[in-house]
Amino acid sequence: MTQLPNDFTILALETSCDETAAAIVRGGREVVANIVASQMDMHRRYGGVVPEVASRQHIVSLAPVIEEALGALPNGWESLHAVAATYGPGLSGALLTGLNAAKAIAWQRGLPFVGVNHLEAHIYANWLGTGNEHASASGRPSPSRRPPDPPAPQFPLVALVVSGGHTLLALLRGHGAYELLGQTRDDAVGEAFDKVARILGLGYPGGPAIQRAAAGVTGAGMLPRAWLRDSYDFSFSGLKTAVLHKAQERQELAARLPKPQAPRRSARGGEHATPPATGTAPLDGQFVGQIAHAFQESVVDVLVTKAVDAAQRFGATEILLAGGVAANTRLREELTRRAPVPVRYPPLALCTDNAAMVAAAAFFRFEAGVQSGWDLDVVPGLRLGA
Ligand code: KG4
Ligand code: ZN
């Protein structure tokens, strides 16, 4: 363990899925630049991420994204002390682009290099300062409006990682000392949001669309919760199937009713541009809002109950929320309300995939004396604690 200086500056790359990202982080916590080129519009038309398209687009976007990030350093390349990149889990072709670019940079500049676990990186977004909540359009923080950074989290911690590809609860006893308490047995929670949004005709990405559709809805019924008693594991596929059945019943009912004379716009009609995945007939806005609400409540209830239980059992000082679904306001609110300890979650821009979180995780790896060899390969199925 070597204490690194506060100005230790890391360039990190993240290309595990559909965001091409480069970031510069100083001292493990200060975000100097956080540049993300999203491919979301490209994948939207397919209703999900197409791996081959993602890899090709990373190759196109990487150089400009890195150059923009380096533009935030007065001495550019000369200011860097180390390089990092995500090496898993994720799409293998996509991971390869960022990992190889980072290795090439480190090799050429003679800098230390470390590969980072994407799940660990999501958790480390909670170590970053709030600087880039106030970022300009270019992704650079504006120092004048930057509040002081909160103190770093203290171990032991419970982390709830909820993203498009993963759902897990972990106990963190120290940097790099993780214990997986539980994980999903089927769909990841973000995946469930995306699939349910498709069923309801809400488009991609599903999380924000479901959150919008559920906002302000009252009188929605309940959907099932898979508790999997005495386990910190999760399951969301039964809930997704329950939504599918409700949508099918609703469409069958609508098909039996006489058609209205003129097309009627529902209160939320404008949002449902995509036909639902269950068939051709669009679902009415009121039904969609109620199901979105009930689905979100069911997911949030299970996630919060298990995270709170784990925090109590293991005497955590805080609960850290991480991953793309940590952007969900209902989840943040409910966890904060029910948790016996403070809940920390990253600013919105650091919840979804970005490279600043990769740099933060890398900083603590370097401090622990860890470096990766040039032979490090991508590990698409990498787990936490591996
Ligand atoms: O962490 P992330 O950017 O990518 C992965 O590593 O998977 O997470 C993306 C996921 C998507 O499934 C998206 O629908 C979900 O995060 N998401 C949300 C919200 N914003 C993004 N889910 C629920 N509520 C949100 N507000
Ligand atoms: Zn992610």
Side-chain angles (χ1 to χ4, degrees), residues 12-21 23 34 36-40 43-44 47-49 51 54 58 85-91 94-95 98 116-126 159-168 183-184 187-200 202-215 236 239-240 271 274 292-293 295-304 320-335 345-358 360-361 380-384:
L13 306 181
E14 154 62 44
T15 61
S16 66
C17 191
D18 60 343
E19 321 280 2
T20 316
N34 184 29
V36 181
S38 176
Q39 305 175 5
M40 209 164 295
H43 298 288
R44 187 171 276 129
V49 178
H58 285 312
T86 307
Y87 73 105
L91 303 168
L95 286 163
V116 169
N117 181 322
H118 182 82
L119 300 170
E120 191 177 318
H122 269 302
I123 297 174
Y124 273 87
N126 283 294
L160 175 64
V161 183
V162 278
S163 77
H166 306 275
T167 303
L168 59 89
Q183 59 189 329
T184 183
D187 292 345
V189 64
E191 190 183 356
F193 267 96
D194 293 337
K195 287 177 178 169
V196 163
R198 255 190 105 158
I199 293 170
L200 298 177
L202 287 171
Y204 170 85
I210 291 206
Q211 183 176 312
R212 273 196 304 276
F236 298 104
L239 175 60
K240 177 192 67 193
E271 278 186 22
T274 327
H293 186 275
F295 166 79
Q296 185 172 257
E297 289 306 303
S298 172
V299 167
V300 167
D301 193 12
V302 175
L303 291 174
V304 169
L320 307 182
L321 193 52
V325 183
N328 187 277
T329 29
R330 187 70 191 111
L331 176 60
R332 291 174 168 207
E333 265 170 26
E334 194 60 7
L335 187 56
Y345 42 78
L348 269 183
L350 298 176
C351 283
T352 46
D353 289 351
N354 66 86
M357 65 186 194
V358 177
L382 188 64
R383 293 160 64 100
L384 193 72

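What's counted below: heavy atoms across the whole structure, side chains too, no hydrogens, waters or symmetry copies. Counting starts at 1 for both ligands and their atoms, in listed order.
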Legend entry - Evaluation steps, side-chain contact (heavy atoms from CB on, under 4.5 Å), between Tyr345 and Leu331: CA-CA 11 Å; Tyr345 42 78; Leu331 176 60; over 6 Å; no
Is [X] in contact with ligand 1, taking contact as a heavy-atom separation below 4.0 Å?
X: His118; result: yes
X: Gly165; result: yes
X: Gln296; result: no

Legend entry - Sequence-distant partners of Gln211, side chain to side chain contact (heavy atoms under 4.5 Å, CB included), two or more places apart: Gln296, Asn328, Thr329
Inset, instruction - Identify, with sequence neighbours excluded, every residue that meets side chain to side chain contact (heavy atoms under 4.5 Å, CB included) alongside Ala292. - result: Leu200, Ile210, Ala213, Ala214
Specify the closest pair of heavy atoms between [X] and [Y], including all atoms of both residues, with the distance to one decimal.
X: Asn34; Y: Ala349; result: ND2-O, 4.3 Å
X: Gly206; Y: Asp194; result: N-OD1, 2.7 Å
X: Ala326; Y: Val162; result: N-CG2, 3.8 Å
X: Val116; Y: Ala361; result: CG1-CB, 3.8 Å
X: Arg332; Y: Leu321; result: CG-CD2, 4.1 Å
X: Ala94; Y: Thr15; result: O-OG1, 2.7 Å

Legend entry - Region of His122 engaging ligand 1 - heavy atom pairs below 4.0 Å: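 His122 to ligand 1: side-chain contact only, backbone stays beyond 4.0 Å.
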Under 4.0 Å from a heavy atom of [X]: which atoms of ligand 1 are those, numbered in the order shown and with their elements?
X: Ala327; answer: 20 (N), 26 (N)
X: Thr352; answer: 3 (O)
X: Gly190; answer: 12 (O)

Inset, instruction - With side-chain contact (heavy atoms from CB on, under 4.5 Å) as the test, would you mind laying out the steps for Arg383 and Gln183 before giving the verdict? - result: CA-CA 11 Å; Arg383 293 160 64 100; Gln183 59 189 329; 3.5 Å; yes
Legend entry - Check: Asp353 N/O within less than 3.5 Å of ligand 1 N/O: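 N/O-N/O distance under 3.5 Å: yes.
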Inset, instruction - Looking only at distances, please establish whether an N/O atom of ligand 1 is found under 3.5 Å from an N/O atom of Phe193. - result: no
Inset, instruction - For Leu384 and Ile123, run side-chain contact (heavy atoms from CB on, under 4.5 Å): C-alpha distance rounded to whole Å, both residues' side-chain angles, the deciding distance at 0.1 Å, then the answer. - result: CA-CA 11 Å; Leu384 193 72; Ile123 297 174; 4.3 Å; yes
Identity and separation of the nearest protein heavy atom to [atom]:
atom: atom 24 (N) of ligand 1; result: Asn328 ND2, 3.0 Å
atom: atom 14 (O) of ligand 1; result: Asp194 OD1, 2.8 Å
atom: atom 10 (C) of ligand 1; result: Gly164 N, 3.5 Å
atom: atom 15 (C) of ligand 1; result: Val325 CG2, 3.9 Å

Inset, instruction - Sort by chain and number the protein N/O/S atoms that are closer than 2.8 Å to the Zn ion (ligand 2), and list them. - result: His118 NE2, His122 NE2, Asp353 OD1
Legend entry - From Glu19, Arg330, Arg332, Gln211 - option closest to atom 26 (N) of ligand 1 by heavy atom: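 Closest candidate by heavy-atom distance is Gln211.
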Legend entry - Residue selection (non-hydrogen contact nearest atom 21 (C) of ligand 1) among Gly207, Cys351, Gly324: Gly324
Legend entry - Sequence-distant partners of Glu334, salt bridge (Lys or Arg N to Asp or Glu O under 4.0 Å), two or more places apart: Arg330, Arg337, Arg338
Inset, instruction - Begin from the C-alpha positions of Val196 and Leu239 and carry the test side-chain contact (heavy atoms from CB on, under 4.5 Å) through to its verdict. - result: CA-CA 9 Å; Val196 163; Leu239 175 60; 6.0 Å; no
